Novice: 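Sending over a structure as structure tokens; questions will come in a sec.
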Amino acid sequence: MTSVSGCPRLVGRDAELAAIRATVSALDQGLGGCVLLVGEHGVGRTALVAELAHDSDRTFVRLPPPTAGAGHDGPVGAAHDRSMGTTHDDGPLRDALRLEGLLDAGEAVLRALRSVDPDGGGVVCLVDDLHEFDEKSRAALLAAARRCAAVPVVFVLTAASDSDVARRELGVPVLRVPALSPDQTRELLDDRGEAPVTSQARAAIEAFAGGLPRYLVEVPDALEADQLSGHRSLPPVLPPGTTALAVGAPRLADLPATTRTLLLLAAVEGSGSMGTLVRCADVMGIELETLAAAERAGLIRIEGNRILFTPPQFASVVHHLAAGRERRQAYAAVADTLTSPEDADRRAWYRSWSVQGPDDRVAAALEETADAAGTRGGPAAKAAALERAADLTTRGAERGRRLVLAATEFWRAGDHRRAEAMLHGSRSLLDDPESRAAAAFLEGALELGRGDPGRAFAALARGARSAAGRDRELALDLAARAVGISWWSGRPDLVAVAAALVPGPAAPDDVYDEFVREAVSVGTDLFSDRFGRSEARAVRQRQLAGHLSEPRQMIFAAEAAGLIGDDVTALWMQDRATVRLRETNALAELPFALELMAHIHAWQGRPTAAEAAAREGLLVAGEVGDAQDRGFQLGLSAHIAALRGDGEGGRAAAARALELDDGPSGATVRWAVGRLALSEGRPQEALDHFLPILRGTRAHPVVRLFAAPDVVEAAVGVGDLATAQEALRRYLAWAQGGALWAKAVEPRLRALLTADKAVADGLFAQAVELVDATVRPFEAARARLLFGSHLRRQRRRLEAREHLRSALAGFESLGTGAWAARAREELRASGEAVQDPGRRELPVLTAQEAQVAHMVGAGASNREVARILQLSPRTVEYHLSKVYVKLGISTRAQLAQAEFAEAEAEADG
């Protein structure tokens with residue numbers, strides 16, 4: 001009888017365990033059975049057997065292979081450790097295997113097994129790695145397995161998929177154990193629960209493991225903690241782990257030295273190109289025919305012009321077992337074969353691994369080719385080249401400069417941990433103003449991602465001053481970023497400081513330079529309550545914005561468009577920026593771009609679109625390591641909840657946001673909760689939230705313009721005409737200065753404040769006509785709600801109902817529940833019978849389906865969704881097809897408008 005210790009759970013093996021248990025359950029009827037588990041080395045065949053032994057009180061006899069420990073697919077590290085136990089004496093079973101006659105040997109095996117089962121309850125024989133047994137023993141065990149159906153003995157056998165046993169017809173049921181799926185792979189890595197692992201390290205480990213659990217556990221253990229966390233780069237070839245070494249080392253040991261050298265060349269070359277391997281062999285003077293020995297040993301196979309290791313992890317074994325001098329010679333040989341100009345970046349990389357220590361010549365070559373690496377593999381590839389160049393640099397200041405360049409590219413790639421590590425390493429080395437300015441830019445960007453705009457502003461301002469007169473483009477970029485922060489802060493003093501950072505004099509024929517100057521001028525005027533000269537500047541701003549091509553410039557243009565009340569241009573710029581950022585995989589700027597887009601949608605009263613953009617922004621923020629609970633994000637949540645009519649959620653998000661910042665930066669949060677109270681018909685509560693936005697130390701010159709329509713409506717509702725007039729005067733000046741949105745809205749505000757009913761009629765009619773319902777449906781619905789209310793109070797009920805019905809339809813289509821309830825109440829007061837909306841049963845999506853639906857509905861491609869959610873494109877397509885069926889739709893455009901519920905605790909299947 002076995003004694004078995006406790007076992008942690010397996011990942012992704014429910015189906016296989018169920019099949020094995022079904023076979024073992026035959027013992028309950030006094031019958032037997034057999035199953036042969038076939039899978040790759042490291043797939044966890046023995047872990048499955050161990051799970052069976054641990055989860056059962058049956059009698060088990062374990063027969064390990066003669067070579068157990070060398071290639072044995074035993075317990076899988078920390079995540080799959082299984083103590084299976086053994087029989088007290090397996091001597092009788094061993095004796096049975098030595099009998100000469102196959103029939104006698106099979107019968108003897110069955111008798112030996114039944115002898116350890118005196119109670120007759122049945123016995124399970126666990127035979128690990130059948131392929132490691134000699135032919136005679138295998139034949140005896142299989143003979144017994146084929147004849148056990150009528151006796152209470154079950155055989156659970158395992159064999160490697162590349163063995164003769166797995167390829168032959170044996171007459172026993174076979175259960176193939178597959179590699180883990182991508183989702184299961186991530187789950188197993190998450191189960192380790194140890195030090196943080198960067199997305200780059202995870203991707204490298206997952207690619208190396210190929211879904212094999214043992215490698216998913218052993219390879220992270222073989223790496224250093226600072227490599228996993230991103231503070232140090234990964235090696236060019238990942239370490240193999242003990243399993244691959246145990247399996248591969250004995251098979252390599254008997255090969256000729258020249259064969260091992262050829263295998264090493266193939267391992268370091270990495271692409272599997274036979275053409276490159278032939279040239280490398282020529283460089284080192286080795287006959288390619290010696291490769292045949294590795295092919296006969298089953299270590300490689302050649303397909304056309306490709307050489308493939310079998311399994312792929314054996315390339316790491318070859319690399320690991322070679323001496324350092326041999327590896328450097330192999331890298332040098334590969335570098336010597338890459339003579340094409342197109343391979344300059346790859347040649348520099350191989351050369352970098354061929355040197356033993358710092359080498360300034362090799363470092364310079366790596367930096368020179370970093371742009372080509374970036375073109376080939378994106379900002380992460382460029383960052384890796386620059387980081388390696390820094391590692392090989394001898395002079396401190398030059399090393400620091402390269403570290404800052406590497407950090408900036410890691411940041412652009414969304415790897416903020418690596419960026420922070422590189423930046424930290426550079427700080428004591430920098431001695432030139434340009435590098436210090438670049439470091440300040442990155443420090444500001446990282447601080448902003450962590451949710452500290454004050455420290456971000458200080459860093460950006462410091463960098464802009466360092467770059468002034470030396471790097472105009474960098475100085476302008478830093479100044480523009482600082483200007484944007486100053487606008488959001490609501491502090492006129494910071495606006496003045498940021499405006500002074502813009503480098504002078506103006507650069508001719510530089511569109512972005514001119515745009516920044518125009519925007520800064522408009523912002524400075526706005527923060528001083530000067531609007532009269534803004535219209536011509538606003539027109540010029542819109543013209544210039546159309547010529548901007550860089551995503552960061554478009555984001556700034558969207559912020560600037562907000563200052564002049566141009567929501568259409570703001571949304572256009574944000575849409576262009578997010579598309580470009582996704583296309584270039586530039587994740588660093590994407591969270592803020594999406595959050596800003598969500599704010600614009602919330603400003604326009606579109607909670608569904610705002611929620612989709614905000615959700616994706618949070619996902620990407622989590623992926624790149626940005627804070628996900630900053631005041632900016634919480635304020636956005638408050639706005640969306642307020643539009644939805646979610647009083648509890650809106651007020652909770654607002655309270656958390658104001659705990660973080662109750663100064664001018666909290667103005668947008670107070671606007672959100674005031675808007676919520678106004679939608680609920682509580683104008684005094686709304687006004688109490690609005691007043692700090694208008695006056696005092698917490699006033700915000702921009703937010704009070706956006707909030708003015710709500711302030712006027714709330715103030716009129718409680719009879720505070722002085723406050724209403726104060727808000728309206730500033731708003732009218734803004735509208736006359738060129739604010740497009742304000743021009744469309746201001747007639748209804750003037751209508752609220754006029755005592756002449758006929759004049760009010762005309763102004764409301766003008767407001768309804770001016771607001772384009774296709775562009776600003778929320779404002780159109782509000783104009784009709786107020787017009788309908790005005791008509792109803794004059795007892796013009798039939799006319800009122802027409803506008804109130806339109807308002808109700810508009811609010812319902814937008815999902816603005818509290819506003820729809822107000823329209824419904826007004827309709828009832830007009831004498832029309834209106835039913836409260838019944839509880840409509842929405843289609844329910846799983847959490848994964850809902851994530852995919854939100855992101856695709858927001859405009860993301862399947863490939864973008866796959867990257868952000870770390871799924872395969874095929875999995876995304878699968879989820880999307882299920883979403884379409886559940887929602888009864890067939891296009892992405894329909895998905896953008898569709899409504900659904902999300903299951904709170906449901907696993908995708």
Side-chain angles (χ1 to χ4, degrees), residues 483-484 486-492 495-496 499 518-542 545 557-571 573 599-600 602-605 664 667-668 670-671 674-675 690-695 698-716 721-754 763 766-767 770-772 775-776 778-780 782-783 786:
V483 166
S486 74
W487 290 342
W488 284 101
S489 76
R491 289 174 50 185
V495 172
E518 289 288 352
V520 167
S521 180
V522 170
T524 301
D525 282 352
L526 185 147
F527 272 76
S528 303
D529 275 353
R530 295 194 302 266
F531 306 105
R533 297 182 297 140
S534 296
E535 184 162 15
R537 288 175 174 174
V539 172
R540 181 58 179 159
Q541 237 179 266
R542 286 190 286 271
E559 293 178 289
L563 293 183
I564 58 175
D566 188 354
D567 53 335
V568 175
T569 298
L571 202 55
M573 285 290 102
H599 268 286
I600 298 167
W603 167 20
Q604 289 189 326
T668 186
R670 284 183 280 274
W671 176 29
R675 213 181 196 187
F690 293 146
L691 286 176
I693 300 173
L694 295 178
R695 311 170 187 141
R698 294 181 293 180
H700 196 298
V702 178
V703 176
R704 67 187 175 194
L705 292 172
F706 290 112
D710 302 308
V711 175
V712 171
E713 187 174 334
V716 169
L721 299 186
T723 297
Q725 291 286 3
E726 175 190 348
L728 181 60
R729 276 195 300 272
R730 188 178 288 112
Y731 193 75
L732 290 176
W734 190 40
Q736 291 161 6
L740 300 180
W741 171 66
K743 284 182 177 180
V745 173
E746 56 93 3
R748 83 167 190 245
L749 306 184
R750 288 193 287 122
L752 286 172
L753 280 164
T754 185
L763 289 170
Q766 184 183 356
L770 276 177
V771 179
D772 185 343
V775 176
R776 302 182 182 90
F778 183 64
E779 299 301 343
R782 287 188 67 177
L786 290 173

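Everything quoted here is computed from the prediction, not taken from an experiment.
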Novice: List the atom of A499, the atom of V520, and the distance in Å for their closest heavy-atom pair.
Specialist: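 The answer is CB-CG1, 3.5 Å.
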
Novice: For the CH2 atom of W487 and the CG atom of L526, what is their distance to the nearest 0.5 Å?
Specialist: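 Output value for this atom pair is 9.5 Å.
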
Novice: Side chains of E746 and W734: is there a donor and an acceptor less than 3.5 Å apart?
Specialist: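 Absent: no donor and acceptor within the cut-off.
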
Novice: Would the distance check show the side chain of H700 and the main-chain N or O of L705 forming a donor-acceptor pair, the cut-off being under 3.5 Å?
Specialist: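 Not at all, since once roles are kept as given, no pair shorter than 3.5 Å links the two residues.
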
Novice: Find the distance between CG (L732) and CD (Q725) and round it off to the nearest 0.5 Å.
Specialist: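 Output value for this atom pair is 9.0 Å.
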
Novice: Could you check whether any side-chain N or O of R704 sits under 3.5 Å from a backbone N or O of L694, counting only pairs where one atom can act as donor and the other as acceptor?
Specialist: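 Yes, because the side chain of R704 sits within donor-acceptor range (under 3.5 Å) of the backbone of L694.
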
Novice: Any non-hydrogen side-chain atom of I564 less than 4.5 Å from a side-chain atom of R542?
Specialist: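 The answer is yes; the side chains approach within 4.5 Å.
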
Novice: Who passes salt bridge (Lys or Arg N to Asp or Glu O under 4.0 Å) against R729, sequence neighbours left out?
Specialist: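 With sequence neighbours excluded, R729 shows a salt bridge (Lys or Arg N to Asp or Glu O under 4.0 Å) to no residue whatsoever.
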
Novice: Can you find a pair of side-chain heavy atoms, one from Q604 and one from L571, that are under 4.5 Å apart?
Specialist: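 Result yes, sub-4.5 Å side-chain heavy-atom pair found.
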
Novice: Grab the two heavy atoms, one from V745 and one from P709, that are nearest each other, plus how far apart they are.
Specialist: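 Taking V745 first and P709 second, the nearest heavy atoms are CG1-CG, 3.9 Å.
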
Novice: Residues in side-chain hydrogen bond (donor to acceptor under 3.5 Å, both in side chains) with T569, at least two apart?
Specialist: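 D566.
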
Novice: Starting at CD1 of I600, measure out to CG of D567 and round the result to the nearest 0.5 Å.
Specialist: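 Here the rounded value is 8.5 Å.
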
Novice: Which pair of non-hydrogen atoms, one from L770 and one from P747, has the smallest distance, and what is that distance?
Specialist: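 The pair with the smallest heavy-atom distance is CD1-CG, 3.7 Å.
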
Novice: Quick check for you: to the nearest 0.5 Å, what is the distance between L763 atom CG and L753 atom CG?
Specialist: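 Separation between the atoms: 10.5 Å.
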
Novice: Taking all atoms of both residues into account, what is the closest heavy-atom pair of Q541 and A519, and its distance?
Specialist: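 Minimum heavy-atom contact is OE1-CA, 3.8 Å.
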
Novice: Report yes if some heavy atom in the side chain of L740 is under 4.5 Å from a heavy atom in the side chain of R776; otherwise report no.
Specialist: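 In contact.
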
Novice: Which residues satisfy the salt bridge (Lys or Arg N to Asp or Glu O under 4.0 Å) test with R782, sequence neighbours excluded?
Specialist: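 Per chain and number, R782 pairs via salt bridge (Lys or Arg N to Asp or Glu O under 4.0 Å) with D710, E713.
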
Novice: Which heavy-atom pair separates A667 from I693 by the least distance, and what is that distance?
Specialist: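 Looking at all heavy atoms of both residues, the closest pair is O-CD1, 3.5 Å.
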
Novice: Between the side chain of T754 and the main-chain N/O of R750, is any donor-acceptor distance below 3.5 Å?
Specialist: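 Not at all, since once roles are kept as given, no pair shorter than 3.5 Å links the two residues.
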
Novice: Should the ring pair F706 and W741 be called parallel, tilted or perpendicular, given that the plane angle runs from 0 to 90° and is split at 30 and 60?
Specialist: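 Tilted.
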
Novice: I need the single residue from T723, L728, V716 that forms a side chain to side chain contact (heavy atoms under 4.5 Å, CB included) with V711. Which is it?
Specialist: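 Exactly one pass, corresponding to T723.
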
Novice: If you compare all heavy atoms of A735 against all heavy atoms of A742, which two are closest, and at what distance to 0.1 Å?
Specialist: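 A735 and A742 have their closest heavy atoms at CB-CB, 3.6 Å.
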
